[in-house]
Enquirer: 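First, the structure itself, so that you have it in front of you.
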Amino acid sequence: MIRSILISNRGEIAARIIKTANKMNISSVAVYSDADKAASFLQKADETVCIGGNTPLESYLDSAKIIAAAVSHGCDAIHPGYGFLAENSVFVEQCREAGLIFIGPDAESIRLMGDKERARQTAQEFGLPTVPGSGIVKTPEEIRTVCDHLGYPVLLKASAGGGGIGMRKVDNAESLAQAFSETTDRAEVAFGDRRVYVEKYLEEPHHIEIQILRDKHGGLLTFYERECSVQRRYQKVIEESPSTSVNPELRQQLRDAAGMLIEGIGYINAATVEFIVDREHKFYFLEANTRLQVEHPVTEAITGLDLVELQIRIASGEKLSLDESTLPIKRWALEARIYAEDPHRFYPSPGMITVYREPDGEKVRVDSGYSTRGMLTPYYDPLIAKLITWGNDRDEAICHILQALDNYQIEGIKTNIPFLQEAIASPLFRAGGYDTHFVEKLRAN
Amino acid sequence: MVIEVKATITGNVWKIVKEIGDTVDEYDVIMILESMKMEIPVEAPQGGKITEFKVKEGASVIEEDVVAILE
């Protein structure tokens, strides 16, 4: 069994991992940058190590400093959280060479799923449908042929893109040539890589994902779906589980497909398989995330399980003692991400939190990395905290989250709380069945 | 007429995409700021010619700081 874990992360996810380590009587070592020296996520760790620096490159991405800290503090494992080094296959190898357990999959699984094109091909090999599209297209003539074949609208995507940057919808053949030239130019400026590919644009798409755990003995757990269609800037803001758009038949298909991929590639530990589901309930593999997700607490809230604990147990070589058929799912859960950002334009709002008061309640959970006088620096992402509520049904979970948002007090910086309140209280959200155009539709009303 | 172009957010100057002497239209992107892992464009408030940059790539800026001058 793992006895001591270094957490190579910061903010709310570091605090969340430390919490489970404490519960399991595993000692925790937190690392921090100069910018985070007064951060509240460090408070519950058994030991803290300053690794210096401000930017991610100087700190939470500096694998040599992190591994040295783990070794010198006698840790036997590293939990990477999400982001930073969580999906860096080289880091996984460095951990192994230093005799440390990486709490996550092996380097090859990360490489395979990290390369979008290889991941897509692999998914196809295991029978998962993928969004119809092309490989890299190089000339206006080539893209014209591809798009005429796919049918409009289409989505142009920068091959090196991510987080929605470098995406462009094209409605007809007439606007294709100009859109192609602008997308390649923009991809060059943003990523130093002009490569562009094209996908069929799906109508009323839902972003649905399946959480999976697999142990070293072949034990597999696939969970109920998480609905992640409420997005701004192509990033998730509100998640729920289960989804109002998934019926039992589709749920089973999604869980089977995700399980097939994860078993097929011999994946070990926690993964999330993301799908796009269209208006006709057709689903397509989008990507697989080889780590704990930001929104994992909604799955924990409906099952009562601790996914970080299960990750640690799997990494220790334990056999999962849970059976899929016994997964107790009788609740509905919601998560709202509290961001330091302008609630209208969603622009980031760094600064100092002058007042911070979290809501509490019986069916309320707050995973936070900040407190009063906490500094939101421009160096890291704007996530302040995650607010999770649950209930026996969706209405109850909604009622709790609206009340909790009302009682959440954050001053000194702008937050998206007013947006979250408006979104969750809207008839569009309450009715369910919303798609990834939720924010546009909300604003249009 | 001198027009001040102001920073949209507090953060760092990630990329300056135009050059001194360039003519821009309203809403053209002049530079891209970066903060909290997001890239936010700074657009021309109206058309004009860029006569000066008040910042360099990598510099820190505060929301509403003047980052460029148009004429």
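Quick note on labels: first sequence line is chain A, next is B, and so on, each numbered from 1.
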Enquirer: Any salt bridge between A:Glu239 and A:Arg337, counting N to O under 4.0 Å?
Expert: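 Looking at A:Arg337 together with A:Glu239, the answer is yes, because their closest N to O distance falls below 4.0 Å.
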Enquirer: Considering only heavy atoms, which portion of B:Thr8 lies under 4.5 Å from any heavy atom of chain A: side chain, backbone, both, or neither?
Expert: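 For B:Thr8, heavy atoms of backbone and side chain both lie under 4.5 Å from chain A.
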Enquirer: Name the region of A:Leu383, side chain, backbone, both or neither, that has any atom closer than 4.5 Å to a heavy atom of chain B.
Expert: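 Neither the backbone nor the side chain of A:Leu383 comes within 4.5 Å of chain B.
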Enquirer: I'd like to know if A:Lys414 and B:Glu63 make a salt bridge, using a cut-off of under 4.0 Å between side-chain N and carboxylate O.
Expert: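 So A:Lys414 pairs with B:Glu63 through a salt bridge.
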Enquirer: One thing to verify: whether A:Glu341 and A:Arg232 come together as a salt bridge, which I'm taking to mean a side-chain N less than 4.0 angstrom from a carboxylate O.
Expert: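 Yes.
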Enquirer: Just how far is it from atom CZ of A:Phe419 to atom CG of A:Asp342, taken to the nearest 0.5 Å?
Expert: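 Rounded to the nearest 0.5 Å, the CZ-CG separation comes to 11.5 Å.
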Enquirer: Given a strict heavy-atom distance threshold of 4.5 Å, which part of A:Tyr339 is in contact with chain B: side chain, backbone, both, or neither?
Expert: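 For A:Tyr339, no heavy atom lies under 4.5 Å from chain B.
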